[in-house]
S.K.: 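Here it is, the structure, as structure tokens.
Below, chains carry the letters A, B, ... as their sequence lines are ordered, and counting in each starts from 1.
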Amino acid sequence: MPELPEVETVRRGVSRHYLGRKLLQLSVFGPRTVRRHDPGLLGALRGRTLCSVGRHGKYLLLGWDDGQVLVAHLRMSGQLLAAKPSEPLLLHTHAVLRFSGAGDLRFVDPRTFGEFFLAWTGSAPNSAGGARPPHGEDVASMAAEAQAMALPAELAGLGPDALDVGPAHLGAALAGRRAPLKALLVDQRVLAGVGNIYADEICFVARLRPDRPAGGLRPAELRRLAAATHSVLTNAIAAGGSTLSDQRYRDVLGEAGSYQFEHKVYGRAGQPCLSCGRPIERATIGAKSAYLCRRCQR
DNA sequence: CGATTATCCTGTGCGC
DNA sequence: TGCGCACAGGATAATC
């Protein structure tokens, strides 16, 4: 559920509330939260200052003043929530980051698919300890802030962030592929950040059927796909992401997003297409549900 | 090699 | 009202 727009909204909340703060204590509960390496390694973060909050695709990159990077992925049901240290832990709280002067940032994840791991960018941190780097409020500067950090080696297999891809990259990445278009849109090695919900929305806006063989798109269709990818994700970020009926996604302050009210196809099986009125169909592509309008999308 | 399927989990909502 | 079960889908490993 958290896809690029939700992770970006969380990133902005973490940056706004914890950037420049010193980590007093980091607690991890349960064996699944840190599973790529010895969980004890996270102890090295105690006393460090958070000096950057980046994102690549659905990964959050918390950069510290010694060059370490705490990589976080929310997967299906993970939440990062602000809390006062005095508040009781919610059920399924797997990690607590306690900051000086900013309270807790808590990782809550019922399904335990989410994970943290410690990485090293190999490059110097982009701001020295403690000083809050100025960051603007406009979309462009926030996007730049998200991408400012070098990518850890563990994430080298990811494609470019979905906000950065254009027709040229899509054309090269999709050429010769027989798999359905939607299967490649959600493949993080092709582009990073798009998941099941936004892939359907992007295909609708691009007027492309999600089951089209990906390699068969014409140049004009690739341009529509690139434009739709950018516009759907940008609009979703502006709306604070999508909070579905399961309420699984919330931002750092616990607020719901509103982009679910702008969904054109996802979850709308049987309801009229907002463009032509024909009922939205539900199909299965790559073992996942897909929603589409068979008349508007070709 | 590329494409498909199973797996990890829990909460939810459905049918009976 | 309650029980069992299919389903949700992000990433990765295994398999076709």
Side-chain angles (χ1 to χ4, degrees), chain A residues 1-11 29-37 55-61 71-80 89-95 107-117 119 151-159 161-162 172-203 210-216 233 236 241-250 256-257 259-260 263 265-270 282-292:
Chain A
M1 312 201 171
E3 301 181 28
L4 188 152
E6 291 77 30
V7 177
E8 173 63 15
T9 304
V10 170
R11 186 199 69 75
F29 319 110
R32 286 180 50 80
T33 307
V34 179
R35 49 187 186 261
R36 297 200 189 200
H37 57 65
R55 180 191 57 74
H56 189 92
K58 303 168 192 172
Y59 288 86
L60 277 171
L61 307 168
V71 182
H73 198 303
L74 304 175
R75 293 286 185 103
M76 302 287 301
S77 60
Q79 298 179 314
L80 284 172
L89 297 186
L90 292 171
L91 189 63
H92 304 303
T93 299
H94 304 305
F107 176 59
V108 179
D109 183 14
R111 296 177 71 175
T112 72
F113 289 170
E115 65 165 332
F116 287 4
F117 65 90
L151 208 57
E154 290 86 346
L155 304 185
L158 293 175
D161 189 81
L174 273 48
R177 304 291 296 270
R178 280 190 316 160
L181 171 60
K182 181 177 175 181
L184 293 195
L185 285 178
V186 301
D187 186 336
Q188 304 300 296
R189 296 168 297 186
V190 173
L191 70 168
V194 175
N196 205 44
I197 296 170
Y198 293 103
D200 281 357
E201 295 298 315
I202 288 166
C203 285
D211 56 351
R212 278 270 297 271
L233 296 177
S242 301
T243 297
L244 304 183
S245 58
D246 64 8
Q247 302 293 306
R248 249 1 287 176
Y249 164 68
R250 296 274 169 164
Y259 194 71
Q260 65 276 14
H263 290 175
V265 286
Y266 182 82
R268 297 191 65 245
R282 177 179 171 162
T284 299
I285 299 174
K288 306 280 193 238
S289 63
Y291 300 87
L292 65 143

S.K.: Test ring-ring contact (aromatic ring centres under 6.0 Å, His included) on A/H73 and A/Y59; report intermediate values, then the result.
M.R.: CA-CA 5 Å; A/H73 198 303; A/Y59 288 86; 4.5 Å; yes

S.K.: Quick one: label A/R248 by what it contacts on the DNA or RNA (base, sugar-phosphate, nothing), any heavy atom closer than 4.0 Å.
M.R.: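 If one applies the 4.0 Å heavy-atom cut-off, A/R248 turns out to touch nothing in the nucleic acid.
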
S.K.: Keeping A/H94 on the side-chain end and A/D109 on the backbone end, is there a donor-acceptor pair under 3.5 Å?
M.R.: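 Yes, the answer is positive, given that a donor and an acceptor are paired below the 3.5 Å cut-off.
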
S.K.: Rounded to the nearest angstrom, tell me the gap between atom CE in A/M76 and atom P in C/dC7.
M.R.: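 It works out to 14 Å between those atoms.
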
S.K.: Which heavy atom in A/P152 sits nearest to a heavy atom in A/V71, and how many Å separate them?
M.R.: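 It is CG-CG2, 4.2 Å.
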
S.K.: How many Å lie between CG on A/L185 and P on C/dG9, as a whole number?
M.R.: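 The distance from CG of A/L185 to P of C/dG9 comes to 15 Å, rounded to the nearest Å.
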
S.K.: Let me know, please, whether A/G286 or A/L91 comes out on the 5' side of the other along DNA chain B by nearest nucleotide.
M.R.: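 Nearer the 5' end of the strand: A/G286.
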
S.K.: Check A/E8 against A/R55 and note the closest heavy-atom contact, atom names and distance.
M.R.: OE1-NE, 2.8 Å

S.K.: Would you classify A/A179 as touching base, sugar-phosphate or nothing, given that sugar-phosphate means primed atoms plus P, OP1 and OP2, and contacts are heavy atoms under 4.0 Å?
M.R.: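 Counting heavy atoms under 4.0 Å across all strands, the contact made by A/A179 is with sugar-phosphate only.
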
S.K.: Just to be sure I understand the rule, does A/S245 reach a base, reach only the sugar-phosphate, or reach nothing, if contact means heavy atoms closer than 4.0 Å?
M.R.: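 Counting heavy atoms under 4.0 Å across all strands, no contact is made by A/S245.
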
S.K.: Would the number of heavy atoms belonging to other residues, nucleotides or ligands and lying under 6.0 Å from CZ of A/R178 be above 12?
M.R.: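 For A/R178, atom CZ is not crowded (no more than 12 foreign heavy atoms under 6.0 Å).
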
S.K.: Taking atom P in both C/dC7 and B/dT5, compute the distance separating them and give it to the nearest angstrom.
M.R.: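 The answer is 15 Å between these two P atoms.
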
S.K.: State the CG-CZ distance between A/D187 and A/R177, to the nearest 0.5 angstrom.
M.R.: 6.5 Å

S.K.: Atom CG of A/L244 and atom P of B/dG13: how far apart are they, to the nearest Å?
M.R.: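 One finds 12 Å between P of B/dG13 and CG of A/L244, rounded.
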
S.K.: Write down the protein N/O and nucleotide N/O pairs, taken from nucleotides 2-6 of chain C, whose separation is under 3.5 Å; answer none if there are no such pairs.
M.R.:
none

S.K.: Check A/K182 with A/D200, please: is the shortest side-chain N to carboxylate O separation under 4.0 Å?
M.R.: yes

S.K.: Locate the shortest heavy-atom distance separating A/E154 from A/A119; write the atom from each residue and the value.
M.R.: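 Residues A/E154 and A/A119, closest heavy atoms: OE1-CB, 3.6 Å.
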
S.K.: Please state how far atom CD in A/Q247 lies from atom C1' in B/dT12, giving the value in whole angstrom units.
M.R.: 12 Å

S.K.: Would you call A/C203 and A/L185 a side-chain contact if the rule is heavy atoms closer than 4.5 Å?
M.R.: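 Yes, close enough: below the 4.5 Å cut-off.
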
S.K.: Could I get a table of every N or O pair under 3.5 Å where one atom is in the protein and the other is in nucleotides 14-16 of chain C?
M.R.:
none

S.K.: Between A/Q188 (CD) and C/dG9 (C1'), how many Å, whole number?
M.R.: 12 Å

S.K.: Please give, in whole Å, the distance from C/dA11 P to A/L4 CG?
M.R.: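 Rounded to whole Å, this separation is 11 Å.
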
S.K.: Below 4.0 angstrom, which residues in residues 190-198 of chain A have at least one non-hydrogen atom near DNA chain C?
M.R.: A/G195, A/N196

S.K.: Ignoring hydrogens and angles, tell me if any N or O in the side chain of A/E115 forms a donor-acceptor pair with the backbone of A/R35 under 3.5 Å.
M.R.: no

S.K.: Using whole Å, what does the distance between atom C1' of nucleotide B/dA3 and atom CG of A/D211 come to?
M.R.: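 Rounded to the whole Å, the gap is 16 Å.
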
S.K.: Separation of A/R35 atom CZ from C/dA11 atom P, in whole Å?
M.R.: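 After rounding, the gap between these two atoms is 12 Å.
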
S.K.: Identify whether any heavy atom of A/R189 sits under 4.0 Å from a base atom; if not, whether one sits that close to sugar-phosphate; answer base, sugar-phosphate or nothing.
M.R.: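 No contact.
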
S.K.: Using a cut-off of less than 4.0 Å, is there contact between a side-chain N or O of A/H92 and OP1 or OP2 of B/dT10?
M.R.: no

S.K.: Going by heavy atoms in the side chains, are A/F107 and A/H92 under 4.5 Å from each other?
M.R.: no

S.K.: Which atom pair, heavy atoms only, marks the closest approach of A/E201 to A/Y266?
M.R.: OE2-N, 2.8 Å

S.K.: Working to the nearest 0.5 angstrom, can you tell me the gap between A/T284 OG1 and A/D211 CG?
M.R.: 11.0 Å

S.K.: Listed by chain and number, what are the side chain to side chain donor-acceptor pair (under 3.5 Å) partners of A/R248, not counting sequence neighbours?
M.R.: A/Q79

S.K.: Shorter than 3.5 Å, N or O on both sides, protein versus nucleotides 7-9 of chain B: list them out with atom names.
M.R.:
unit_1	atom_1	unit_2	atom_2	d
B/dC8	O3'	A/R32	NH1	3.4
B/dC9	O2	A/R111	NE	2.6
B/dC9	O2	A/R111	NH2	3.2
B/dC9	N3	A/R111	NH2	3.2

S.K.: Hunt down any stem DNA chain C takes part in, defined as 3 or more consecutive Watson-Crick or G-U pairs whose two distances are each under 3.5 Å.
M.R.: B:2-8 with C:10-16, B:10-16 with C:2-8

S.K.: Show the nearest heavy-atom pair for residues A/T9 and A/G241, with the distance to one decimal.
M.R.: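 The pair with the smallest heavy-atom distance is OG1-N, 4.1 Å.
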
S.K.: Would you measure the distance from the P atom in B/dT12 across to the matching atom in C/dA11 and give it in whole Å?
M.R.: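 It works out to 23 Å between them.
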
S.K.: For A/F113 and A/R32, work out which heavy atoms get closest and say how close.
M.R.: CD2-NH2, 3.8 Å

S.K.: A/L4 versus A/D161: any side-chain heavy-atom pair under 4.5 Å?
M.R.: yes

S.K.: Hey, does the side chain of A/S289 come within less than 4.0 Å of C/dG9's phosphate (OP1/OP2), counting only N and O?
M.R.: yes

